[in-house]
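For the single chain, residues carry numbers from 1 onward in sequence order.
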Amino acid sequence: MSRTKQFFLLVVLTFFLIISLTAFAAPRAKPVVAIKPAKVGEGVSKYAKKYLNLGTILDEMEASIQKNRKFTLVSRKKSVLKDIREEQEFAKSELTAGNAAEEGQIKNANFLILPTVQDFKFYRSSKPVPNLDNKYIRVDSGMLEVNAQVIDTATGGIKTTFYLKSSFATNKKVVNTKGGAPNSVHFTNMAKKVAAQMTDQLVDAVFPMRSLNIQGQQVWINRGKDGGLKKGDVLKVFRPGIALIDPDTGENLGSAETEVGKVKVTRVNPKFTTATIMKGAEEPMEKGDILRE
């Protein structure tokens with residue numbers, strides 16, 4: 001073979017090697033998530049609606065998704081979409097040098113979250129202190145319950161439904177006046193907790209908790225500080241089995257699973273968690289086993 005042919009063959013092989021390594025090393029695209037503004041269900045009273053801030057719920061849900069490493073968040077707020085549209089119009093004018101806001105480049109969501117506030121309470125109760133004028137015992141209470149459907153936009157089917165709930169009650173306090181409403185910070189805290197529950201459940205639905213590696217009695221898990229785990233948590237370990245197919249529809253209903261043991265969380269790191277295999281395991285753990293709380 002001539003040197004020219006050898007050189008040409010070497011160039012071709014190098015090209016394909018680079019392409020293969022690039023494809024292998026490229027990270028998977030993150031699922032794109034969008035959250036629609038929450039609707040209000042019939043279970044919310046007219047009085048409670050005065051204190052129900054749907055904007056805060058959406059803000060906290062978006063913030064929770066954004067802090068998570070596993071998803072790309074796109075906004076569906078009308079104000080944001082309006083601003084984007086204005087920027088696209090501006091991009092088409094003679095004043096711009098590029099097309100950073102070019103039309104048709106907004107990402108479509110893989111999963112659309114549709115929250116509905118099913119129940120909401122936010123009130124203050126006061127009762128007079130016996131034998132003391134103008135003194136009252138006050139307690140603030142509240143509850144926020146949200147039903148969130150997750151829609152697979154590729155099929156239009158409901159992937160799953162989350163039931164999210166948070167509540168609070170302050171300690172009794174002696175005050176000089178009665179009436180009024182709880183501080184709005186209590187509502188914000190409930191919205192944060194509901195949003196965190198939603199993100200944890202979304203991660204579990206899209207990315208099951210799995211073992212990354214096993215060495216002796218130590219297990220590495222694909223959940224970090226944003227996964228809702230804490231030191232001391234006990235997780236059940238399941239081994240996926242054969243696929244279960246509905247004979248009537250042909251739909252894949254999941255896989256048969258066998259419980260093989262339990263692990264106890266020992267340390268939660270930013271991007272992964274370590275745990276120890278507990279005694280009494282039915283079978284040795286394997287990489288890829290599913291873990292559930």
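Using a 4.5 Å cut-off between side-chain heavy atoms of Ile, Leu, Val, Met, Phe, Trp and Tyr, with links allowed through other members, Phe207 and Phe162 fall into the same hydrophobic cluster. Residues Leu112 and Ile57 are members of separate hydrophobic clusters, defined by side-chain heavy-atom contacts under 4.5 angstrom among Ile, Leu, Val, Met, Phe, Trp and Tyr. The hydrophobic cluster containing Leu144 also contains Val44, counting ILVMFWY residues as joined when their side-chain heavy atoms lie under 4.5 angstrom apart, directly or transitively.
Rounding to the nearest 0.5 Å places CZ of Arg267 at 14.5 Å from CG of Leu229. Atoms CG and CZ, on Leu291 and Arg210 in that order, are 9.5 Å from each other to the nearest 0.5 Å. To the nearest 0.5 Å, atom CD1 of residue Ile113 and atom CD1 of residue Ile65 are 5.0 Å apart. With values rounded to the nearest 0.5 angstrom, Asp289 atom CG is found 10.0 Å from Thr258 atom OG1. One finds the CD atom of Gln66 at 11.0 Å from the CG atom of Asp59 (value rounded to the nearest 0.5 Å). Between the CE atom of Met190 and the NZ atom of Lys192 there is a distance of 13.0 Å, given to the nearest 0.5 Å.
The closest side-chain donor-acceptor pair between Lys287 and Asn213, if any, does not fall under 3.5 angstrom. Counted by atom type alone, Thr56 and Thr188 present zero donor-acceptor pairs between their side chains at under 3.5 Å.
With hydrogens and angles ignored, the 3.5 Å screen pairs a side-chain donor or acceptor of Thr153 with a backbone N or O of Ala109. The closest donor-acceptor contact from the side chain of Asn269 to the backbone of Lys271 lies at 3.5 Å or more, if one exists at all.
In this structure, the ring of Phe187 has its center less than 6.0 angstrom from the ring center of Phe120.
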Quiz item: Can Ile214 and Ile277 be said to form a side chain to side chain contact (heavy atoms under 4.5 Å, CB included), step by step?
Solution: CA-CA 9 Å; Ile214 300 98; Ile277 299 174; 4.3 Å; yes
Exercise. Kindly determine whether Asp233 and Arg223 satisfy salt bridge (charged side-chain N to carboxylate O under 4.0 Å, His left out), including the steps that lead there.
Key: CA-CA 13 Å; Asp233 284 348; Arg223 286 290 187 279; over 6 Å; no
Practice problem: For side chain to side chain contact (heavy atoms under 4.5 Å, CB included), just list the numbers for Thr72 and Val33, CA-CA rounded to whole Å, side-chain angles, deciding distance to a tenth of an Å, and then say yes or no. | Solution: CA-CA 6 Å; Thr72 296; Val33 175; over 6 Å; no
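In this structure, Ile158 places its CD1 atom where only 12 or fewer heavy-atom neighbours from other residues, nucleotides or ligands lie under 6.0 Å away. Within a 6.0 Å sphere centred on NZ of Lys50, other residues, nucleotides and ligands contribute more than 12 heavy atoms.
Side chains of Asn176 and Lys135 form a contact here, defined as non-hydrogen atoms less than 4.5 Å apart. Taking 4.5 Å as the limit, every side-chain heavy atom of Lys165 sits out of range of all side-chain heavy atoms of Tyr163. Using a 4.5 Å heavy-atom cutoff, the side chains of Val237 and Val263 are in contact. Considering only heavy atoms from C-beta on, Pro31 comes within 4.5 Å of Phe111 through its side chain. Using a 4.5 Å heavy-atom threshold, the side chains of Arg292 and Asp204 count as separate. Looking at heavy atoms from C-beta onward, Asn108 lies out of side-chain contact with Val32 at the 4.5 angstrom threshold. Within the 4.5 Å cutoff, side-chain heavy atoms of Leu58 are placed close to those of Ile35.
Closest approach of Ser211 and Met285 over heavy atoms only: CB-CE, 3.9 Å. Contact record, Gly41 with Thr116: N-CG2, 3.9 Å, taken as the closest heavy-atom pair. Between Pro182 and Tyr123, the closest heavy-atom pair is CG-O, 3.4 Å.
We find that Lys121 and Asp119 are joined by a salt bridge, their nearest charged nitrogen and carboxylate oxygen being less than 4.0 Å apart. Looking at Asp152 and Lys159, no side-chain N of the basic residue comes within less than 4.0 Å of a carboxylate O on the acidic one, giving no salt bridge.
Here the rule is side-chain hydrogen bond (donor to acceptor under 3.5 Å, both in side chains) with Arg124, and of Thr170, Asn183, Asp140 only Asp140 fits it. Each of Val219, Thr274, Ile221, Asn222 was checked for a side chain to side chain contact (heavy atoms under 4.5 Å, CB included) with Leu212, and the lone residue meeting it is Asn222.
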